[in-house]
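Along the sequence shown, the residues carry numbers beginning at 1.
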Amino acid sequence: MGETIRSRGMRDILPDEMERFRRIESSFRDVCLGWGYAEVRTPTIEHLFLFTSAGTLSPQMLDRVYSFLDWDGWSGERVVLRPDSTIPTVRLFEENMPDKDDAKLFYVQNVFRFEQGDASREDWQCGVELLGDTFPHGDIELILMATEVASRLGVDVGLKLSHPGIVRAVLDRAGLTPPEQAGVYDRILASDHAALDALGGKLSLKQPVSGLLAMEGDGPEYLHNLRAMLASNIPGIEEPLAQLQSVSSVIAGLGVPHQISPLGVRDFEYYTGPVFSLEIDGVRIGGGGRYDSLAGLIGGRPTPASGFALEMERLAERIPAAAALGPTVTIRRTEGGELADAFRLASALRESNLGIGVTVGAQRSQREVIVSGVGFTLNWNDGSPRKCVDADEVAKAVAEALAQDR
């Protein structure tokens, strides 16, 4: 097949990549189960209004959803391929757990977002949602879980903390109207820090705003200095900085290195508290934060909550490759050997949970059983061939050889 007929923005996951995906998923599930979380999965298709209600997703994100009419007789409801996993998981909690005040949930699933050109439009995520009265211990727990997953995968991640309330306080103090605030937000998201400097005259600060907020610093000490410089001129900034301090001081005490990044929030749609991101060599591979208002915005009970997600494709590209394992034992059928005997032996060895490969021909492997017209022959590494009468004797001989190898 000469040309690609795969849909634009979609990609195949090949065997070596799939192995990395499974390693990520396995490490992630082990961590979540170890911290007392339960696995869920939400539908691929959700109602569009779930994401438009009360501005739960920004206009920019809504421009990127796959939306269509789900016909039912003469009427149709507009639906989307889920562009986000947090909102559907909160819906799942509200609809299916009405008698519970809290829940610890996790998932491994894909999201769909329209992108220009050949950029990926289907992304796989490992995510956690912690619903209930969780501040600040919930925020700390999620950070520890995310860094534990990275540690299990053998990758060194950089952790950054932020808070959307920092920029909101600056814009409120500057006296901007809501449309003006939205315009400045968009420029900040595009890393246009001059948008903040234009507010300097309204804030009575001795330094340019971007000079204060665009800088990043290490942990609690940097936060202490930031509060000293900003709190007196921007009263509304004290609370978000104090919330960051309560998380930063604990994880610093636990030996978790991190930076404070005041402008590090990239998704303002529903975050209300501390936010964190994980990076490898400057590439964001995951993150999350607190979203206490989300359940109420979609019509549910007011429920404090926080969560995070790891981007599996970006992470898979950066984890160390595993050694190719291959079968533990190769069963090689030569001339005169019966195919049924080869697979009867394979089934017997599989009962011991051994990896088995069945082949035909003269190519020799280091650990093999030859099935010929005169029975079975075990060749193990460089040892002498060992004749066996039947499958049971082969299984016993393989077990003895494996024990000697250990």
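- Formation of a donor-acceptor pair under 3.5 Å by the His163 side chain with backbone atoms of Gly165 is found in this model.
- In this structure, a donor-acceptor pair under 3.5 Å is present between the side chains of Glu311 and Gln125.
- Residues Pro262 and Val167 approach most closely at O-CG2, 4.3 Å, considering heavy atoms.
- Taking all atoms of both residues into account, the shortest heavy-atom contact from Glu46 to Pro88 is OE2-CB, 3.3 Å.
- Without hydrogens or angle criteria, Thr272 side chain to Asp292 main chain gives a donor-acceptor distance under 3.5 Å.
- The minimum heavy-atom distance between Asp341 and Phe376, with the atom names listed, is O-CE2, 4.3 Å.
- No more than 12 heavy atoms of other residues, nucleotides or ligands lie within 6.0 Å of CZ in Phe343, so this atom counts as exposed by the packing criterion.
- Trp124 and Val108 make their closest contact through CZ3-O, 4.5 Å (heavy atoms, listed as atom of the first residue, atom of the second, distance).
- Using a 3.5 Å distance cut-off with no hydrogens or angles, the side chains of Glu148 and Trp35 do pair a donor with an acceptor.
- Defined by atom type and a distance below 3.5 Å, a donor-acceptor pair is missing between the side-chain atoms of Tyr222 and Gln259.
- Looking only at atom types and distance, the side chain of Glu115 has no donor-acceptor partner in the side chain of Ser120 under 3.5 Å away.
- In this structure a side-chain-to-backbone donor-acceptor pair under 3.5 Å is missing from Ser151 to Thr147.
- Salt-bridge annotation for Arg11 and Glu122: absent, with no side-chain N of the basic residue lying under 4.0 Å from a carboxylate O of the acidic one.
- Among Arg29, Arg23, Arg22, the one residue that satisfies the salt bridge (Lys or Arg N to Asp or Glu O under 4.0 Å) test with Glu25 is Arg22.
- Between the side chain of Arg386 and the main chain of Leu378, no donor-acceptor pair closer than 3.5 Å is present.
- A side-chain N or O of Arg290 and one of Thr134 form a donor-acceptor pair less than 3.5 Å apart.
- The backbone N or O of Asn110 sits less than 3.5 Å from a side-chain atom of Arg82, completing a donor-acceptor pair.
- Residues Arg284 and Ser277 have side chains that never bring a donor and an acceptor to within less than 3.5 angstrom of each other.
- Heavy-atom minimum distance, Thr89 versus Glu129: CG2-CG, 3.7 Å.
- Heavy-atom contacts from other residues, nucleotides or ligands closer than 6.0 Å to CD of Glu239 number 12 or fewer.
- Nearest heavy-atom pair, Phe112 versus Met10, reported as atom, atom and distance to 0.1 Å: CD2-CE, 4.2 Å.
- In this pair, Phe276 and Phe308 present their aromatic rings tilted. The plane angle is within the 30 to 60° band.
- Electrostatic pairing of Arg20 and Glu17 does not count as a salt bridge here, judged by no charged N lying under 4.0 Å from a carboxylate O.
- Atom CD of Glu221 has 12 or fewer heavy atoms from other residues, nucleotides or ligands within 6.0 Å.
- Between the side chain of Ser246 and the backbone N or O of Gln243, at least one donor-acceptor pair lies under 3.5 Å.
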